[in-house]
Amino acid sequence: MAEAPGQGTESGDDDRARAATVRVFVALAPPDDAKDELARALRPAYEAYPRMRWNRIEDWHITLAFLGELPVETVPLLRPPLAEIAAARKPLELALRGGGHFDDRVLWSGIDGDLDGLHALATEVRTVVKECGIPFEDRPLRPHLTLARARRDDATSVREAAAGLAGFTGRRWPAERLHLVGSNYGRGPGPIRYRDIESWAFARR
């Protein structure tokens, strides 16, 4: 049965509400060769724990500030101050190292390198977000790269996969860009997909 013009279903209303908002965070991203290095170390875990919800390699990122669900019209407010931060800072030297887990559900790789610089950058990013009048939950920074999530009935895979990464030490690499990332799709039971809203190069060294 066709809908009467101007009348929508509940599902349609939900879709419009989602289209009016976007889930946003500010992040750094490892270069492709550093991600490939970690992916090679993860091969045994990929094979041993296929039921885990593995993040796509192209979606790996280091979150500096998670802003949550924002009205789309507020996102442009972030562009000028984030561009200024990137233009004033040199790239951070970072590395991926080891592995760990949150609550037996989330598998992550740790971050090594210029952690003081990383915390300082996160503080600066969060300051400008607040100055833009955008409220968010300002949790303490715990630098990591989220790799996978276990299903609710799986209490062991994450811990075992984390133990397998304990000896991993990746090479150092410069974080070349500051990323403003959004996701307004993939919110069902499957993995969330991310896209760059915009990114800015850090100042040349």
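In what follows, residues are counted from 1 in the order of the sequence shown. Owing to the predicted nature of the structure, the values given are computational and were not obtained by experimental measurement.
The shortest side-chain heavy-atom distance between Leu107 and Trp54 falls under the 4.5 Å cut-off. Arg40 is listed as a side-chain neighbour of Asp36, based on a closest heavy-atom distance under 4.5 Å. The shortest distance between side-chain heavy atoms of Arg139 and Phe66 does not fall below 4.5 Å. No side-chain heavy atom of Arg23 sits under 4.5 Å from any side-chain heavy atom of Tyr194. Taking the side chain as every heavy atom from C-beta outward, Leu78 and Val26 never approach each other to under 4.5 Å. Between Asp153 and Arg51, the closest side-chain pair of non-hydrogen atoms falls below 4.5 Å.
Residue Asp114 holds its CG atom at 12.0 Å from NZ of Lys90, rounded to the nearest 0.5 Å. Note: Arg79 CZ to Ile197 CD1 = 7.0 Å, rounded to the nearest 0.5 Å. Taken to the nearest 0.5 Å, the CZ atom of Arg152 stands 13.5 Å off from the CG atom of Asp104. Between atom CG of residue Asp59 and atom NZ of residue Lys35 there is a gap of 8.5 Å, rounded to the nearest 0.5 Å. With rounding to the nearest 0.5 Å, the separation of CG in Leu118 from CG in Leu92 is 6.0 Å. With rounding to the nearest 0.5 angstrom, the CG atom of Leu96 is 9.5 Å from the CZ atom of Arg171.
Here the shortest heavy-atom pairing between Arg126 and Ala65 reads CG-CB, 3.8 Å. Here the shortest heavy-atom pairing between His101 and Ala162 reads CD2-CB, 4.1 Å. Considering all non-hydrogen atoms of both residues, Ile134 and Thr74 come closest at CD1-O, 4.1 Å. Residue Leu141 comes nearest to Thr63 through the heavy atom pair CD1-O, 3.3 Å, listed as atom of the first residue, atom of the second, then distance. Trp173 and Ala29 get closest at one heavy-atom pair: CZ3-O, 4.1 Å. Closest of all the heavy-atom pairs between His179 and Asp196 is ND1-OD2, 2.8 Å.
The number of heavy atoms from other shown groups lying within 6.0 Å of CG (Asp103) does not exceed 12. Annotation for Arg97: atom CZ does not count as buried by contact number, only 12 or fewer foreign heavy atoms lying within 6.0 Å.
Under the 4.5 Å side-chain heavy-atom criterion for Ile, Leu, Val, Met, Phe, Trp and Tyr, Phe136 and Leu77 are members of distinct hydrophobic clusters. In the hydrophobic clustering of this structure, Val106 does not group with Trp60; members are Ile, Leu, Val, Met, Phe, Trp, Tyr whose side-chain heavy atoms approach within less than 4.5 Å, directly or through other members.
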Could you go through the side chain to side chain contact (heavy atoms under 4.5 Å, CB included) check for Lys130 and Asp138 one step at a time? CA-CA 10 Å; Lys130 293 172 184 175; Asp138 192 0; 2.6 Å; yes
Side chain to side chain contact (heavy atoms under 4.5 Å, CB included) evaluation trace for Asn55 with His61: CA-CA 10 Å; Asn55 288 3; His61 61 269; 5.9 Å; no
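Aromatic ring orientation, Phe102 versus Trp108: tilted (interplanar angle from 30° to 60°).
A distance-only check finds a donor-acceptor pair linking the side chain of Arg105 to the backbone of Ala150 [under 3.5 Å]. Between the side chain of Ser109 and the backbone N or O of Gly98 there is at least one donor-acceptor pair closer than 3.5 Å.
Asp154 has no carboxylate O lying under 4.0 Å from a charged side-chain N of Arg151, or vice versa, which leaves the two without a salt bridge.
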